[in-house]
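Everything numeric here is computed off the predicted structure, so don't read it as measured data. Per chain, numbering begins at 1; letters A, B, ... match sequence-line order.
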Amino acid sequence: MRRLKRKFFIKNSVFVAKKLLGKIIIRRYKGEELSGKIVEVESYRGKDDAGSHAYNKKTKRNFLMFGKPGISYIYFCYGNYYLLNIVTEKKGNPGAVLIRAIEPLKGIKTMMKLRGLKNIKKLTNGPGRLTQALFIDKSLNGEDVTKSNKLFFIDNKERFKIKVTTRIGIKKGLEKKWRFYIAGNTFVSKN
DNA sequence: TCCCGGATGCCCT
DNA sequence: GGGCATCCGGGAT
C-alpha cells in the first residue's frame with residue numbers, strides 16, 4: 001500500500017473528499033504508530049462556498065487553504081478542540097477536506113489514554129475527538145502530508161456505499177451536500 | 001437514548 | 001466583542 005501523493009490532493013475538493021473515504025491516516029507519536037480508516041469527511045471550497053473559512057479573504061488563520069495541496073490545515077475550534085483538514089485544489093484555488101471521523105486501527109490503547117476514555121465507540125467518532133486521540137494540535141499545522149513521517153495517508157482499496165448529506169455545525173452553505181460517510185460504519189459521528 | 005446548556009479561547013470585524 | 005466546521009455531562013424519558 002502506497003502513500004497518497006500530491007497528485008491525489010490537487011483535484012476538486014468534493015472529489016478528493018469522497019476519494020479519501022476508506023483511506024488510512026497514520027500518525028507517528030513518540031515512536032508509536034497510531035492509525036485509522038477514514039469514515040467521514042466534509043469538503044470546503046472558496047468564493048462559491050459560504051460555509052467555508054476561505055469564503056472571504058485570505059487571513060492569518062485560513063491562508064493555507066489558498067496554498068499548495070497536500071498540506072495540513074489545523075485550527076482551534078470552540079475553545080477546546082483542534083480540527084484537521086487537508087488542503088486540496090490547485091495552488092491559488094482555496095479548498096480543503098475536513099476529516100470528521102476515523103475507525104481506529106493501530107495504537108488503540110494509546111488513543112484511549114490520550115482521550116481519557118474506556119469506551120471505544122466514542123474514541124474517534126468526531127472531528128475534535130479524533131485529533132485528541134491522535135495527538136494532533138496546532139504544531140502540525142502546515143505539515144506536508146506527502147512528505148511528513150509524523151502525519152500522512154496511505155491508499156486502501158475497498159468498496160463501500162457512500163452516504164451524502166449537508167455539512168454539520170455551520171449556518172451558511174447548507175444548500176451544498178458536501179458531507180460524505182461510509183454507510184453503516186459504527187464510527188461515523190452521527191447516524 | 002435523547003436533549004439541552006455550559007465551557008472554552010482564538011480569530012475576525 | 002461576537003461568533004464559532006465541538007464535546008461532555010446531567011436530567012428527563
Side-chain angles (χ1 to χ4, degrees), chain A residues 9 12-21 25 36 38-67 69 71-89 93-104 111-143 145 151 153 162-182 184-191:
Chain A
F9 298 100
N12 179 297
S13 211
V14 177
F15 180 82
V16 177
K18 286 189 266 192
K19 286 284 185 190
L20 263 178
L21 287 176
I25 181 171
I38 298 170
V39 300
E40 180 182 349
V41 293
E42 285 177 358
S43 55
Y44 289 88
R45 299 189 74 224
K47 283 196 287 284
D48 64 338
D49 181 8
S52 173
H53 286 170
Y55 181 57
N56 298 120
K57 297 179 180 164
K58 201 191 277 191
T59 67
K60 192 172 119 195
R61 181 176 65 161
N62 70 16
F63 73 97
L64 288 168
M65 284 184 76
F66 292 77
I71 305 294
S72 65
Y73 166 46
I74 295 162
Y75 70 94
F76 192 63
C77 182
Y78 290 113
N80 276 315
Y81 305 99
Y82 295 97
L83 271 56
L84 170 66
N85 297 255
I86 308 299
V87 175
T88 58
E89 313 254 354
N93 289 10
V97 174
L98 170 66
I99 313 294
R100 285 195 55 90
I102 66 174
E103 178 181 324
M111 292 191 215
M112 286 190 174
K113 208 178 268 177
L114 286 166
R115 290 267 298 125
L117 268 190
K118 289 174 188 163
N119 181 0
I120 191 169
K121 288 181 79 173
K122 292 188 176 176
L123 195 56
T124 53
N125 62 339
R129 291 170 175 169
L130 74 90
T131 54
Q132 197 174 42
L134 297 178
F135 204 79
I136 290 172
D137 63 15
K138 199 99 191 268
S139 69
L140 287 172
N141 190 31
E143 195 81 3
V145 302
L151 180 67
F153 297 87
I162 297 177
K163 290 273 197 180
V164 179
T165 74
T166 54
R167 293 169 291 179
I168 289 180
I170 56 174
K171 295 211 171 69
K172 295 182 203 162
L174 291 175
E175 73 284 358
K176 293 182 167 55
K177 295 189 173 172
W178 284 357
R179 172 174 174 251
F180 308 99
Y181 63 91
I182 295 179
N185 188 285
T186 320
F187 292 92
V188 169
S189 69
K190 288 184 180 177
N191 296 305

Please give me the minimum heavy-atom distance between A:Asn185 and A:Phe187, naming the atom from each residue.
OD1-N, 2.8 Å
Encode nucleotides 8-13 of chain C as B, S and - characters from 5' to 3', where the letter depends on protein heavy atoms closer than 4.0 Å: B to the base, S only to sugar-phosphate, - to neither.
S-----
Assess whether side-chain contact (heavy atoms from CB on, under 4.5 Å) is satisfied between A:Tyr44 and A:Ile170, documenting all intermediate values.
CA-CA 11 Å; A:Tyr44 289 88; A:Ile170 56 174; 4.1 Å; yes
Check: [X] side chain, [Y] main-chain N or O, donor-acceptor pair, under 3.5 Å:
X: A:Glu40; Y: A:Ser189; value: yes
X: A:Ser43; Y: A:Ala17; value: no
X: A:Arg115; Y: A:Leu123; value: yes
X: A:Ser72; Y: A:Ile74; value: no
X: A:Asn62; Y: A:Lys57; value: yes

List in numerical order all residues of residues 93-102 of chain A for which some heavy atom is under 4.0 Å away from an atom belonging to DNA chain C.
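Listed by number, they are A:Leu98, A:Arg100.
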Any salt bridge (Lys or Arg N to Asp or Glu O under 4.0 Å) pairs touching residues 43-56 of chain A, not counting sequence neighbours?
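Checked against salt bridge (Lys or Arg N to Asp or Glu O under 4.0 Å) - neighbours excluded - the pairs reaching residues 43-56 of chain A are A:Arg45-A:Asp48, A:Arg45-A:Glu89, A:Asp49-A:Arg167.
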Could you tell me how far apart [X] ([atom1]) and [N] ([atom2]) are, to the nearest whole angstrom?
X: A:Lys171; N: C:dT6; atom1: NZ; atom2: C1'; result: 12 Å
X: A:Ile74; N: C:dA5; atom1: CD1; atom2: P; result: 16 Å
X: A:His53; N: C:dC4; atom1: NE2; atom2: C1'; result: 8 Å
X: A:Tyr78; N: C:dC7; atom1: OH; atom2: P; result: 10 Å
X: A:Leu130; N: C:dC7; atom1: CG; atom2: C1'; result: 13 Å

Ring pair (Phe, Tyr, Trp, His ring centres under 6.0 Å) with A:Tyr75: which residues, sequence neighbours excluded?
A:His53, A:Tyr73
Say whether A:Ser13 and A:Thr88, considering side chains only, have a donor N or O and an acceptor N or O under 3.5 Å apart.
yes
Verify side-chain contact (heavy atoms from CB on, under 4.5 Å) between A:Lys121 and A:Thr186, making sure each step is shown before the conclusion.
CA-CA 8 Å; A:Lys121 288 181 79 173; A:Thr186 320; 4.3 Å; yes
Measuring from A:Met111:CE to A:Thr124:OG1, what's the distance to the nearest 0.5 Å?
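Those atoms lie 6.5 Å apart.
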Interatomic distance, A:Phe180 atom CZ to A:Leu21 atom CG [nearest 0.5 angstrom]:
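One gets 8.5 Å once the value is rounded to the nearest 0.5 Å.
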Checking all strands, does A:Gly79 fall into the base, sugar-phosphate, or nothing category for heavy-atom contacts under 4.0 angstrom?
base
Using the six-membered ring for Trp and the full ring for Phe, Tyr or His, decide whether A:Tyr44 stacks on the six-membered base ring of C:dA5 (centres under 5.5 Å, planes under 30°).
yes
Let me check I have this right: for DNA chain C, each base becomes ., (, ), [, ] or |, based on Watson-Crick or G-U pairs with both distances under 3.5 Å. What is the full string?
||||.|||||||.
Between the protein and nucleotides 10-13 of chain B, list every N/O to N/O distance that falls short of 3.5 Å.
| residue | atom | partner | partner atom | Å |
| --- | --- | --- | --- | --- |
| B:dC12 | OP1 | A:Thr59 | OG1 | 2.0 |
| B:dC12 | OP1 | A:Arg61 | N | 3.1 |

